[in-house]
Amino acid sequence: MVAQIKPNDDPQWAVLDPAGWPDDDVEYLRTAMRWHFGEDTGSPFWLLRAETLGFDPVREIRSYEDLRRFPNVVEETRDIPVEDLIPRGYGKNPPAPRVFESGGTTGVPKRIILMPDWMDSAIDRMIAGPQFAGREPGNILVAVPSGPHKAGSLYDYVAARQKTIKFTIDIDPRWVKKLVKTRQHEQAAAYVEHLLDQIEHVLSSQRVSMMVITPPLLRACARRPSLVDLINSKIELVFWGGAHMTVDERFELKYEYFPNARMLSRYSSAMILTGARERQGTNEDEDLIYDPPSPVVTFRVVDPETGEPVGYGSRGQVVMSHISKGMFLPNNAERDSAIRVRALPGQIGDSVSSPAPLDEFGGERVIEGIY
């Protein structure tokens with residue numbers, strides 16, 4: 001009797017295994033198109049959406065530039081039943097995904113799913129990344145949103161792997177955005193002080209060597225002398241992200257307020273399920289450059305009016321694409337602008353520097369708040 005091979009176990013899909021990283025970018029792309037638009041392997045969402053595309057992704061998407069042909073569907077993730085996002089290739093009884101949401105910067109939050117195989121590989125990459133490699137494992141204070149947000153939740157898995165302790169605080173970025181939107185600035189400031197009180201309590205009472213934090217909260221910490229002292233005396237690494245930081249702010253925070261802590265960042269978006277690392281070798285007085293992990297994640301920097309690439313060194317809107325076994329989100333025009341930078345050799349698409357929020361996105365005022 002010949003064993004029946006499930007789509008998830010078929011050798012042809014091995015190139016999509018998130019535990020590895022593809023050697024052949026073109027093979028990866030074409031395999032992903034067959035997976036996401038195959039009747040037995042694609043998600044209900046994409047199989048239905050394919051009927052409206054006006055082209056055949058399996059036959060006609062031959063290069064990463066062709067991803068521009070797809071509509072930006074991330075707005076639809078605000079209301080899609082998450083079960084419809086799970087590719088059928090995971091089987092009739094697929095493993096349960098983790099569901100995460102965006103910060104709600106541009107309105108009702110969008111949703112993504114992280115399948116268990118992606119989650120495992122993501123934690124592997126985090127632990128091998130610059131925020132952990134070469135450091136003794138230590139306790140972590142996570143001062144970024146958790147709950148429905150990926151940013152803080154992943155550190156539960158990191159702490160479990162490293163047998164360390166994760167401390168966190170109660171933080172609701174959507175409430176702060178509402179306060180800012182309705183010009184309740186005193187209430188917003190009071191909420192930030194409430195967050196600082198929680199951070200100070202953890203640092204003053206517990207052993208912590210790494211702090212994960214957003215730039216607005218780090219700037220607020222710098223205004224409280226007791227927190228400046230605690231961070232300098234206890235924290236070896238400040239890992240920041242989730243909002244923009246200028247070169248001058250980075251220099252000031254590093255050298256005037258927190259000279260005893262190493263600072264490192266990551267440029268991330270919920271809609272790409274991961275982030276782009278800092279390029280090594282950047283001087284302190286230069287904008288950081290972020291290189292996306294292609295071919296799984298690719299960036300383009302474009303003129304928002306024409307959709308065409310801006311020149312290198314010019315600012316444009318960031319367009320992101322994510323292609324993996326568990327999710328396919330192409331051609332997503334983000335709410336960020338950035339300076340277009342030449343990619344590293346072998347990388348697909350653009351790198352970016354100096355990301356910052358657009359003033360308006362999708363008819364809504366962009367409110368960064370604390371995240």
Side-chain angles (χ1 to χ4, degrees), residues 72-82 85 97-114 141-156 166-199 201-202 211-221 223 239-245 265-275 318 320 322 327 329 332-337 355-371:
N72 181 5
V73 300
V74 297
E75 295 298 318
E76 299 172 40
T77 67
R78 301 181 195 271
D79 301 305
I80 300 168
V82 293
L85 295 172
R98 284 295 307 268
V99 179
F100 294 113
E101 297 182 356
S102 66
T105 302
T106 58
V108 177
K110 309 173 200 104
R111 292 189 183 90
I112 56 168
I113 61 169
L114 271 63
L141 169 58
V142 177
V144 299
S146 52
H149 306 288
K150 177 175 68 69
S153 300
L154 292 184
Y155 288 92
D156 290 330
K166 170 199 166 184
F167 297 98
T168 191
I169 63 173
D170 264 340
I171 176 170
D172 184 353
R174 298 171 189 169
W175 181 242
V176 178
K177 293 177 199 296
K178 284 187 175 182
L179 294 175
V180 174
K181 186 175 184 178
T182 55
R183 302 186 186 282
Q184 299 183 65
H185 298 299
E186 290 186 3
Q187 289 293 321
Y191 187 82
V192 170
E193 290 301 311
H194 168 63
L195 299 180
L196 297 185
D197 289 343
Q198 296 178 66
I199 293 171
H201 176 64
V202 173
M211 181 166 67
V212 185
I213 194 166
T214 69
L217 276 182
L218 186 59
R219 290 191 288 267
C221 286
R223 297 193 293 269
F239 189 55
W240 61 270
H244 79 289
M245 185 187 294
S265 69
R266 191 170 173 87
Y267 176 48
S268 301
S269 167
M271 308 317 290
I272 55 171
L273 283 66
T274 186
V318 183
M320 302 181 175
H322 175 95
M327 281 289 280
L329 287 173
N332 168 30
E334 272 283 340
R335 48 86 166 174
D336 286 347
S337 71
L358 297 167
D359 293 332
E360 188 176 285
F361 182 79
E364 294 277 346
R365 181 164 65 101
V366 175
I367 300 172
E368 198 170 52
I370 54 173
Y371 177 63

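- What you find for Pro215 and Trp240 is that their closest heavy atoms are CG-CE3, 3.5 Å.
- Contacts of Tyr155 classified as side chain to side chain donor-acceptor pair (under 3.5 Å), with partners at least two apart in sequence or in another chain: none.
- By the side-chain contact (heavy atoms from CB on, under 4.5 Å) test, Val73 is found to be paired with Phe45, Trp46, Arg49, Pro71, Glu76, Leu329, residues two or more places apart in sequence or in another chain being considered.
- Take Arg223 and apply the side chain to side chain donor-acceptor pair (under 3.5 Å) test, not counting sequence neighbours, and it matches no residue.
- Smallest separation of non-hydrogen atoms from Ala333 and Asn72: N-ND2, 3.3 Å.
- The closest side-chain heavy-atom distance from His149 to Pro173 is below 4.5 Å.
- Note that CD1 of Ile80 and CD1 of Ile112 are 12.5 Å apart. Values are rounded to the nearest 0.5 Å.
- With sequence neighbours excluded, the residues that form a side chain to side chain donor-acceptor pair (under 3.5 Å) with Glu193 are Arg224.
- The shortest heavy-atom contact between Arg335 and Gly242 is NH2-O, 4.5 Å.
- Between Ser269 and Met320 there is a side-chain heavy-atom pair separated by less than 4.5 Å.
- Rounding to the nearest 0.5 angstrom, the gap separating the CD1 atom in Ile113 from the OG1 atom in Thr77 is 11.0 Å.
- Contact of the Pro97 side chain with the Val82 side chain is not registered, since no non-hydrogen atoms from C-beta on lie closer than 4.5 Å.
- For Thr168 (side chain) and Val142 (main-chain N/O), a donor-acceptor pair under 3.5 Å exists by modelled atom type.
- Note that CG of Asn332 and CD1 of Ile272 are 9.0 Å apart. Values are rounded to the nearest 0.5 Å.
- Under the rule for a ring-ring contact (aromatic ring centres under 6.0 Å, His included), the partners of His194 that lie at least two apart in sequence or sit in another chain are Tyr191.
- With hydrogens and angles disregarded, a donor-acceptor distance shorter than 3.5 Å links the side chain of Lys166 to the backbone of Gly152.
- What you find for Cys221 and Leu196 is that their closest heavy atoms are SG-CD2, 3.8 Å.
- Here the side chains of Gln198 and Asp170 are in contact, with some heavy-atom distance below 4.5 Å.
- Between Pro148 and Val99, every side-chain heavy-atom pair lies at or beyond the 4.5 Å cut-off.
- Across every non-hydrogen atom of Pro145 and Ile171, the tightest pair is CA-CG2, 3.6 Å.
- Contacts of Arg266 classified as salt bridge (Lys or Arg N to Asp or Glu O under 4.0 Å), with partners at least two apart in sequence or in another chain: none.
- With hydrogens and angles disregarded, a donor-acceptor distance shorter than 3.5 Å links the side chain of Ser102 to the backbone of Lys110.
- Side chains of His244 and Pro357 form a contact here, defined as non-hydrogen atoms less than 4.5 Å apart.
- In this structure, Ser153 contributes its side chain and Lys150 its backbone to no donor-acceptor pair below 3.5 Å.
- The shortest distance between side-chain heavy atoms of His185 and Gln187 does not fall below 4.5 Å.
- Annotation: side chain of Met271 is in contact with side chain of Glu334 (closest heavy-atom distance under 4.5 Å).
- Rounding to the nearest 0.5 Å places CZ of Arg111 at 13.5 Å from CZ of Phe100.
- Interatomic distance, CD1 of Ile169 versus CD1 of Ile213, reported as 7.5 Å (0.5 Å rounding).
- The two atoms that bring Val180 and Ala188 nearest to each other are CG2-CB, 4.4 Å, heavy atoms only.
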